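Below is one structure; the comments refer to it alone.
As the structure lists them, so they are numbered: ligands from 1, and atoms in each ligand from 1. FYI, side chains are in, hydrogens and waters are out, and symmetry mates aren't considered; it's all heavy atoms of this structure. This one's a predicted model, so the numbers in the text were calculated from it and none came from an experiment.
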Amino acid sequence: MEFSEVTSTFSEMENTTKRLELTRILANLLKKANNDLKYIVYLVQGKLAPDFEGIEFGMSDKLIIKSLSSVSGLSDEEVNKIFYKTGDLGTTAMEISKNISQKSLFNEDLTVNYVYSKLMEIAKFSGHGSIKTKMDSYMDLLMNSKPDDIKYITRIITGKLRLGVADSTILDSLVSAFSDKKYADIIENAYNFHPDIGYIAELLQSGNIDAIKNMGPEPLIPFKVMLAERLKSLADIKDKMGGRAAYEYKYDGLRTELHQKGSEVKIFSRGLEETTQNFPDIVKNFKDSFHFESCILDGESVPYNPDTGELMPFQMVSQRRGRKYDLTEKTSEIPIVMFIFDILYLNGKSLINLPYPERRKILEENVKENEYFKLATRIESDDENEIMKFFEKSIEDGCEGIVSKNISEDSVYRAGARGWLWIKFKRDYQQEISDSFDLVVVGAFNGHGRRKGTYGALLLACYNEKKDSFETFTKLGSGFTDEMLSELPGIFKSLIVDKKPARLDSTMIPDYWIYPSKVVEVKGAEITVSPVHTCAYNIIEKGSGLALRFPRLIKFRDDKNPEDATTTEEIIEMYKMQKKTINTKEKED
Ligand SMILES: Nc1ncnc2c1ncn2[C@@H]1O[C@H](COP(=O)(O)OP(=O)(O)OP(=O)(O)O)[C@@H](O)[C@H]1O
């Protein structure tokens with residue numbers, strides 16, 4: 001396929017913000033893609049491969065500008081001027097390319113395959129001498145593609161494609177192009193176990209629905225982890241669980257997927273990033289401790305004090321996250337222990353469809369605890385007093401609370417799902433103030449007075465999973481230190497877009513629209529009905545949505561994607577829970 005078809009689809013997509021439209025336009029392109037399908041779906045994501053392969057372009061804005069000046073004969077300053085005016089390197093490249101093409105006749109129709117392979121060249125080279133190779137490959141594309149093409153190619157390289165489609169929109173387009181709506185859930189489940197959109201796309205294109213149906217965990221391929229719902233009282237949890245259930249400590253660390261196949265061990269984060277190199281100690285300890293043919297474990301890694309056995313806050317080792325170690329290097333003074341709470345795969349067999357008590361039994365039989373690997377502390381009970389004691393003990397032992405786990409025949413491992421099979425119960429549900437919210441920044445308001453020159457407030461949105469859209473929920477102005485405040489414009493500068501981003505529902509108009517990307521954790525006093533926010537609009541009350549009163553910033557959650565934000569459904573549940581608590585309190589009074 002010619003790349004110009006991709007370009008015209010991208011430009012059509014840019015002109016709509018409606019999800020159904022986006023899905024339809026994309027499906028049309030995918031239907032025609034033939035052998036290029038895999039490449040196209042990655043490019044729509046602005047990538048060359050799934051995240052877990054860790055392929056990055058590694059080409060800075062500065063290098064792009066240098067390439068643009070070297071091809072056009074303009075100076076770096078002159079290119080920078082155009083960049084400053086357009087605010088987008090893609091458009092800058094397009095403008096410059098228009099000038100070059102008037103002078104030369106080189107421009108031809110590039111194929112998708114050619115563009116993809118050149119982009120791969122850019123990404124493949126790193127280290128000494130790679131700058132020149134990267135520039136050469138980019139300049140090749142610049143010289144040979146049409147101005148409109150280079151606009152999108154440049155945006156892909158600089159990570160600013162921003163078509164407003166999430167993976168679920170691409171999956172919907174694939175379903176619409178190659179399959180039947182009745183398989184949508186099966187396809188989503190397959191993607192949760194094998195989050196490689198190119199791989200799923202090719203299976204669908206070849207009509208191999210059986211492979212999709214049978215998709216399960218695979219060692220060394222990250223899966224989307226199972227998540228927990230929340231409830232505010234143990235009585236409610238017991239009700240929901242239908243009586244007896246398991247209760248485990250909720251460790252406050254870093255979610256860890258540990259995969260092993262033969263001599264290879266890989267670690268992935270909750271965001272599906274490979275973090276093996278950040279945790280060479282876990283890898284080494286695992287290899288020393290266990291000798292399976294293959295396995296996949298799910299758990300939480302927590303730093304601890306080896307002298308006292310005390311668990312420590314994860315911040316003590318959080319510097320590890322971005323840093324890669326080689327095996328000989330000392331990782332830190334503080335050892336990490338992995339608390340394993342589930343097993344998805346052992347010695348060639350998937351275990352996800354076994355009920356949870358059976359998976360736990362397999363864990364106990366096969367994973368002998370030692371200093372570095374422990375099984376989550378747990379009880380099984382239906383006695384509220386006993387559970388309350390266990391909860392208090394969990395807090396005393398340095399945990400956040402407990403997670404209740406369903407033990408019925410249906411308690412399978414559900415990848416990527418936040419469901420009622422797991423319910424969390426945390427310390428702060430006990431206090432007046434409710435749980436914290438993870439919200440996406442979608443806009444910013446200019447500051448006044450003391451905040452002149454920075455932002456006065458950020459517009460925050462939750463995620464509506466059903467509609468795959470973002471809905472505004474609150475305006476955040478508190479909880480920032482002065483230093484943070486002064487840094488805000490810098491943090492968001494590259495995310496500012498000139499119109500309301502796709503998939504955002506907002507009646508408020510901020511001074512700046514911000515492309516949904518950054519997630520912040522906030523706490524608030526109360527959820528109220530509000531006519532100005534779009535969260536759960538028309539659901540609790542006609543003509544109104546829900547809003548968070550008195551929000552304050554807790555921290556940035558760089559480990560979360562926008563689609564991992566607190567969902568509208570969760571907020572509705574929390575609103576109802578809050579109402580129930582207020583009603584009981586009033587009755588008690
Ligand atoms: N025994 C356990 N079983 C399941 N999850 C556990 C356990 N101990 C700790 N956890 C952690 O608790 C999280 C479950 O809470 P949740 O699904 O709400 O994720 P979250 O949004 O990161 O929650 P939070 O922000 O409250 O930590 C898991 O992602 C996991 O990292």
Side-chain angles (χ1 to χ4, degrees), residues 222-232 237 245-258 267-272 275 297-304 311 313-315 318 321 336-344 356-357 359-360 363 367 373-380 390-391 393-395 397-407 411 413-430 433-440 462-463 465 519-523 554-567 569-571 573-574:
F223 58 91
K224 294 199 183 180
V225 295
M226 179 161 172
L227 296 167
E229 280 285 353
R230 60 165 76 75
L231 280 174
K232 219 174 173 173
I237 295 184
Y247 293 83
E248 293 182 351
Y249 275 12
K250 185 177 191 302
Y251 298 94
D252 190 7
L254 196 72
R255 186 74 177 255
T256 304
E257 291 183 18
L258 192 149
I267 297 176
F268 297 99
S269 71
R270 167 198 171 119
L272 309 179
T275 52
L297 303 172
D298 188 5
E300 190 92 355
S301 296
V302 191
Y304 80 105
L311 299 182
F314 196 79
Q315 283 88 298
S318 54
R321 210 180 280 164
I336 289 182
V337 53
M338 176 172 171
F339 289 93
I340 302 163
F341 49 73
D342 222 314
I343 180 161
L344 286 81
Y356 156 71
R359 299 200 303 278
R360 171 77 192 197
L363 259 183
V367 177
F373 295 94
K374 298 195 187 300
L375 302 189
T377 303
R378 80 198 275 278
I379 55 166
E380 268 187 31
F390 182 70
F391 167 74
K393 183 85 179 39
S394 79
I395 303 290
D397 287 346
C399 293
E400 271 187 306
I402 51 180
V403 186
S404 171
K405 297 196 171 174
N406 191 303
I407 51 172
S411 54
Y413 190 98
R414 305 246 335 255
R418 194 184 288 280
W420 295 106
L421 290 174
W422 291 5
I423 306 174
K424 58 183 169 178
F425 182 69
K426 288 208 277 194
R427 181 169 42 179
D428 36 42
Y429 302 161
Q430 298 268 294
I433 204 136
S434 57
D435 193 13
S436 65
F437 301 81
D438 296 320
L439 301 172
V440 191
C462 59
Y463 178 57
E465 214 166 5
V519 176
V520 290
E521 183 176 344
V522 301
K523 277 203 166 193
I554 305 295
K555 59 175 180 290
F556 277 83
R557 287 288 307 245
D558 287 332
D559 59 326
K560 289 208 171 181
N561 291 318
E563 285 84 12
D564 296 329
T566 305
T567 62
E569 287 283 305
E570 288 179 89
I571 292 173
E573 283 298 321
M574 287 160 110

Side-chain ion pair, Asp342 and Arg359, N-O less than 4.0 Å: yes

Within 4.0 Å of some non-hydrogen atom of Arg270, the atoms of ligand 1 are 19 (O), 20 (P), 21 (O), 22 (O), 29 (O)

Quick note on ligand 1: atoms under 4.0 Å from a heavy atom of Tyr249 include exactly 1 (N), 2 (C), 7 (C), 8 (N)

Looking at Lys560, which atoms of ligand 1 are within less than 4.0 Å of one of its heavy atoms? 20 (P), 21 (O), 22 (O)

So, Arg255 and Glu257, do they make that salt bridge, N to O below 4.0 Å? no

Is the distance between the ring centroids of Phe390 and Tyr247 under 6.0 Å? no

Residues passing the salt bridge (Lys or Arg N to Asp or Glu O under 4.0 Å) test with Lys560, sequence neighbours excluded, are Asp438

To atom 9 (C) of ligand 1, the nearest of Trp422, Tyr251, Phe437 on a heavy-atom basis is Tyr251

Ligand 1 to Arg418, heavy atom cutoff 4.0 Å, flagged ligand atoms 16 (P), 17 (O), 18 (O), 21 (O)

Can you tell me which portion of Glu300 lies within the under-4.0 Å heavy-atom range of ligand 1? Options are side chain, backbone, both, or neither. side chain

For the CZ atom on Arg418, are there more than 12 heavy atoms of other groups (residues, nucleotides or ligands in this structure) within a distance under 6.0 Å? yes

From Tyr356 OH over to Tyr413 OH, what is the distance, rounded to the nearest 0.5 angstrom? 12.0 Å

State whether the shortest distance between N or O atoms of Ala376 and N or O atoms of ligand 1 falls below 3.5 angstrom. no

Which atoms from ligand 1 have a heavy atom of Arg557 less than 4.0 Å away? 22 (O), 25 (O)

side-chain contact (heavy atoms from CB on, under 4.5 Å) against Thr567, all qualifying residues, sequence neighbours excluded: Tyr463, Glu465, Glu569, Glu570

Could you pull out, from Lys405, Glu521, Arg255, Lys426, the option with a heavy atom nearest to atom 26 (O) of ligand 1? Lys426

